[in-house]
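A short worksheet on the structure shown next.
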Protein chains: 2
Amino acid sequence: MARLIHPAKDSLQLEHVLAALADANRLKIVKRLAAENGCMSCVGASPCTDIPKSTLSHHFRVLREAGIVATEKRGVEHRNVLRLADLEERFPGLLPTVLRNAA
Amino acid sequence: MARLIHPAKDSLQLEHVLAALADANRLKIVKRLAAENGCMSCVGASPCTDIPKSTLSHHFRVLREAGIVATEKRGVEHRNVLRLADLEERFPGLLPTVLRNAA
DNA sequence: CCTTTAGTTCAAAATATTTGAACTATTGAA
DNA sequence: TTCAATAGTTCAAATATTTTGAACTAAAGG
């Protein structure tokens, strides 16, 4: 399996972050992650989105490669955690503002 | 010519706004608009982006239909103005935060 | 080992973006 | 009033991205 790509904090691009958040399903995932202040597996996200797992996998990849989540393999499941501190350092106020304005 | 579409303030969608801003060229245009606190025509935007006018026209359409700019026909040119007040009412803090974080 | 579970990867279909070319509308000049 | 110039839109074809089912991989538990 190809290694999961996690861009370094300093190389995060604003456009990538915005593009990752500019999708209803991904925004919903990020909102839930933020609300639960925790981690979420693909299967964990499934109930709230109702989309196939290959699509979900793709969405988590977009979030990961934009630097919004970190994915850690834990046994058979992958735990996705918000990179809150990195995002806040790189783009101060961005995620809170977007989430505050998310439906 | 089909009328230019300007969504009402209350019908603006966060995802549309984020998607419109999640593009290097459009972000550049919006930044310049904000910096000049003024208006910009397609041709006016051209020098800073170096992309064909049909593409530029498309980008302004995306910005317009997301509710980020209002386009007004003035003689032979179209003046695009940021909908700052509408955006601020609908999504408080969003545009300033994005622009503050834009390269 | 075999099965189950979680997720990735692949490839094809559906969708969106980019762009040159043709078109429309307004202005200004002859 | 007609002609040319300018600004921008619209169309359609090429290109790129997204979505998804199906096949695959990897870990855990019997």
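Reminder, nothing fancy here: chain letters follow the sequence lines and each chain counts from 1. As the structure is a prediction and not an experimental result, all values here were calculated from the model.
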Solution key, residues 95-103 of chain B side-chain donor-acceptor pairs under 3.5 Å, sequence neighbours excluded:
unit_1, atom_1, unit_2, atom_2, d
T97(B), OG1, G93(B), O, 2.7
N101(B), ND2, P92(A), O, 3.2
N101(B), ND2, T97(B), O, 2.9

* Protein-nucleotide distance (H16(A), atom NE2; dT17(D), atom P), rounded to Å -> 11 Å
* Please identify each residue that fulfils salt bridge (charged side-chain N to carboxylate O under 4.0 Å, His left out) with E77(B), with sequence neighbours left out. => R79(B)
* For atom CD1 of I5(A) and atom C1' of dT9(C), their distance in whole Å -> 13 Å
* Heavy-atom side-chain proximity of N80(A) to L63(A) below 4.5 angstrom -> no
* **dG7(C) phosphate, OP1 or OP2, under 4.0 Å from R64(A) side-chain N/O** => no
* Can you find a heavy atom in the side chain of L82(B) that is under 4.5 Å from one in the side chain of I68(B)? -> yes
* Just grab all the side chain to side chain donor-acceptor pair (under 3.5 Å) pairs involving residues 61-70 of chain B, residues at least two apart or on different chains. => R64(B)-T71(B)
* Distance in angstrom units between R79(A) CZ and dG7(C) P, rounded -> 10 Å
* Nearest listed nucleotide, side chain of S41(A), among dT5(C), dG8(D), dG7(C) -> dG7(C)
* Structure fact -> Rounded to whole Å, CG of L4(B) lies from P of dT24(C) at a distance of 17 Å
* How do R61(B) and E77(B) order along DNA chain D: which one's closest nucleotide is nearer the 5' end? -> E77(B)
* Asked: For H16(B), which residues count as a side chain to side chain donor-acceptor pair (under 3.5 Å) partner, sequence neighbours excluded?
  -> none
* Structure fact -> Whole-Å distance, E72(A) CD to dG7(C) P, equals 13 Å
* Spacing of E65(A) atom CD relative to dT17(D) atom C1', expressed in whole Å -> 14 Å
* Structure fact -> Between NZ of K73(B) and C1' of dT26(C) the distance, given in whole Å, is 7 Å
* **Letter per nucleotide, 5' to 3', of nucleotides 17-22 of chain C [B base touched, S only sugar-phosphate touched, - untouched; heavy atoms, 4.0 Å]** => -SBBB-
* **Length of the CZ-C1' vector between F60(B) and dA7(D), whole Å** => 12 Å
* Structure fact -> Residues pairing under salt bridge (Lys or Arg N to Asp or Glu O under 4.0 Å) where one sits in residues 82-97 of chain A, two or more places apart or in two chains, turn out to be K9(A)-E89(A), R83(A)-D86(A)
